[in-house]
Amino acid sequence: MDHSPFEHDDLFELATDMSPAGILAVAADGTIVLANREIERLFGWRREDLIGRPIEVLLPMSARHSHVALRDGFFASARARHMGAGRDLRGVRKDGTEFPVEIGLNPVNTPKGLVTLASVLDVTARQELERASRQSQKLEALGTLAGGIAHDFNNILMAIVGHTELAQRAHADTPSQDLAQVLVAADRGRMLVQRILAFSRTREVKRTPVDLSRAVREATDLLRSSLPSTLELKLTLAEDTPHVLSDEIELHQVVMNLATNAAHAMPNGGALHIETSAFMADDAWRAKHARMPGPMLARLIVRDHGAGMPPEVAERVFEPFFTTKPAGQGTGLGLSVVHGIVVEHGGVIELDTQPGQGTTFTITLPAVPRADASAPLSSPERIAKARILFVEDEVTLGKMEKRQLESLGYHVTLHVGSLEALEDFRSRPQDFDLLMTDNTMPRMTGLELTQEVLKIRPGLPVLMVSGLAERADGLDVHALGVSVLLRKPHTSRELDVAIRTAMGRD
């Protein structure tokens, strides 16, 4: 029996079969009179089995018995609808699975009466892209928020750390465990800010050759006090491990996040193994990771003997905010931060885990030649007597840091405004050995102050102390004359090292 209402059927069928969209023709009584190959692919029906069937066969059960069913609603009003009007609809395949569709309608008068032509598009992929775009926008907003609060929060932490250290020095003869715990808590707050900034990618870094084994040892030294006493930390750090082009803080984040994750996987205790080594990639490994340079690479392995992960968890561990912990016990940022840092380093992170068999993270990074440590430094005597022009717009924080600097033996002139500091420097440029400045300040930023000062006295060492990144307003602070950038919050020891490093570069 000929169901087709169209003349020149062969030509019309050829044209519809060439369409990338599914094409249906539905008669006035709601029966299907034409279906192209894409309809077969989308719905899993052979076209000859669809002809003569009611259109409801392609609808979910919820739509078949609803007042919005296509027979009595959507298709019945086809004359009043434009192409693309049928959005947020769903189709059902022959096997019963549902999928999102978009339907465009066009009424056509044929010799056999009014027929509605429908173009059907599977919009699953588009909806996934839209969801991904919305998630990306949310994450971008989070990054903007994180960058906005980082400066103020870091200043608060800076005041806590600074005043606590000053109190420790004032009572050095009677050490206080309470003050020591304040510093431990402040350091955890600092690491949390760094995690959020690293996740949001607002913190750009300038990478230099770093000894991977030394960075891992420093990170574990910081970590030991916060690990459970039931956890045994076993380090195997090979002396021939190559250097990597990195920022030490980022390497610390990687180690501390992985180690913390391992500790959570072993609540009753166990052994945590952390290893570094040189890695010579063979042909099979290089074929799998073709973008990696080589053949010599640096490798970091973190292994625990915890509960392991089922496949459905292992597939998602690097997703932002994915966590198996109860609400309020984890942000789900740790492993996503690790993944982001490794990828930005041009490296590879591999996960090997089985339920009940523990978890191993293997990180492979490009190797670089070892850094030259033979560069001459300024004399210790000159550094110890350094005269510092210190600029900090927050009065309380500035006074605290001035005391901190003086306790380290430096001579300090403090200004709470960049314009006042510049005027003082112009009047006596030879009276200072170092400019130490914040960046975010009213009227004149620390970068602008640096450039003006260096016009007057080229080569003056500049230490910028900031909670922001090494690139501010799209400009590389080192290219603009900043010798060293020290992030807030910092300890007095870190400040002392930064000053000596800055003065050793002039």
Inset, instruction - Please assess V302 against I363 for the test side-chain contact (heavy atoms from CB on, under 4.5 Å), listing each intermediate value before the final yes or no. - result: CA-CA 9 Å; V302 179; I363 295 171; over 6 Å; no
Inset, instruction - Would you check if F99 and V92 make a side-chain contact, meaning some heavy-atom pair closer than 4.5 Å? - result: no
Inset, instruction - Answer yes or no: is there a side-chain heavy-atom contact under 4.5 Å between V348 and V342? - result: no
Inset, instruction - Determine the minimum heavy-atom distance between D122 and P100, stating which atoms define it. - result: OD1-O, 3.5 Å
Inset, instruction - Return yes if some donor-acceptor pair links the side-chain N/O of E448 with the main-chain N/O of T445 below 3.5 Å, else return no. - result: yes
Inset, instruction - For the residue pair V26 and V115, establish whether any side-chain heavy-atom pair is separated by less than 4.5 Å. - result: no
Inset, instruction - Mind running side-chain contact (heavy atoms from CB on, under 4.5 Å) on V343 and I349 for me, showing each step along the way? - result: CA-CA 8 Å; V343 171; I349 181 168; 5.8 Å; no
Legend entry - Spacing of OG1 belonging to T164 relative to CD belonging to Q181, to within rounding of 0.5 Å: 11.5 Å
Inset, instruction - Output, in order, the C-alpha distance, side-chain angles, deciding distance and verdict of side-chain contact (heavy atoms from CB on, under 4.5 Å) for L58 and L50. - result: CA-CA 9 Å; L58 302 180; L50 282 175; 3.9 Å; yes
Inset, instruction - Identify the two heavy atoms, one from L272 and one from A259, that lie closest to each other, and give their separation to 0.1 Å. - result: CD2-CB, 3.8 Å
Legend entry - Taking every non-hydrogen atom, the tightest pair across A35 and I51: N-CD1, 4.1 Å
Legend entry - Side chains of D352 and F361 in contact at under 4.5 Å (non-hydrogen atoms): no
Legend entry - Distance (rounded to the nearest 0.5 Å) between T220 OG1 and H252 NE2: 9.0 Å
Legend entry - Ion pair check, R286 and D283, cut-off under 4.0 Å: no
Inset, instruction - Check whether the side chains of S277 and R299 place a donor and an acceptor atom closer than 3.5 Å, and report yes or no. - result: no
Legend entry - Within-4.5 Å side-chain heavy-atom neighbours: T116 and N106: no
Legend entry - Minimum-distance pair of heavy atoms, taken over all atoms of A215 and L251: CB-CD1, 3.8 Å
Inset, instruction - Please confirm whether the backbone N or O of P442 pairs with a side-chain atom of D393, one donor and one acceptor, at under 3.5 Å? - result: no
Legend entry - Q127 side chain vs T124 backbone, donor-acceptor pair below 3.5 Å: no
Inset, instruction - Applying side-chain contact (heavy atoms from CB on, under 4.5 Å), run through V255 and L300 and close with a yes or a no. - result: CA-CA 9 Å; V255 175; L300 166 65; 4.1 Å; yes
Legend entry - Approximate separation, where rounding is to 0.5 Å, of D49 CG and R46 CZ: 4.5 Å
Inset, instruction - Could you tell me whether the side chains of T236 and H273 share a donor-acceptor contact shorter than 3.5 Å? - result: no
Inset, instruction - Assess whether atom CZ of R37 is packed by more than 12 heavy atoms of other residues, nucleotides or ligands within 6.0 Å. - result: no
Inset, instruction - Grab the two heavy atoms, one from E232 and one from K234, that are nearest each other, plus how far apart they are. - result: OE2-CE, 3.1 Å
Legend entry - Donor-acceptor contact present, side-chain H339 to main-chain L335, <3.5 Å: no
Inset, instruction - To the nearest 0.5 angstrom, please state how far the CG atom of L365 sits from the NE2 atom of H243. - result: 13.5 Å
Legend entry - Check: M292 and L297 side chains under 4.5 Å, non-hydrogen atoms: yes
Inset, instruction - Any chance you could measure L105, atom CG, to L117, atom CG, to the nearest 0.5 Å? - result: 9.5 Å
Legend entry - Expected output: side-chain N36 to main-chain G22 donor-acceptor under 3.5 Å: no
Legend entry - T260 side chain vs M256 backbone, donor-acceptor pair below 3.5 Å: yes
Legend entry - N-O pairing of R41 and E38 below 4.0 Å: yes
Inset, instruction - Inspect the contact between E98 and R93 and indicate whether a charged nitrogen and a carboxylate oxygen are less than 4.0 angstrom apart. - result: no
Inset, instruction - Measure across L237 and T276 and return the closest heavy-atom pair with its distance rounded to 0.1 Å. - result: CA-OG1, 3.2 Å
Inset, instruction - Kindly indicate whether the side chain of T241, heavy atoms from C-beta on, has any atom under 4.5 Å from the side chain of D211. - result: no
Inset, instruction - Please check if atom CG in D95 has more than 12 non-hydrogen atoms from other residues, nucleotides or ligands closer than 6.0 Å. - result: yes
Inset, instruction - Starting at CG of N261, measure out to CG of D304 and round the result to the nearest 0.5 Å. - result: 7.5 Å
Legend entry - Donor-acceptor pair, side chain of E392 and main chain of E394, under 3.5 angstrom: yes
Legend entry - Beyond-backbone contact of I55 with L24, side-chain heavy atoms, under 4.5 angstrom: yes
Inset, instruction - State whether D17 and R47 are salt-bridged, where the test is any N-O pair (Lys NZ or Arg NE/NH1/NH2 against Asp/Glu carboxylate O) under 4.0 Å. - result: yes
Legend entry - Donor-acceptor contact present, side-chain T360 to main-chain R303, <3.5 Å: no
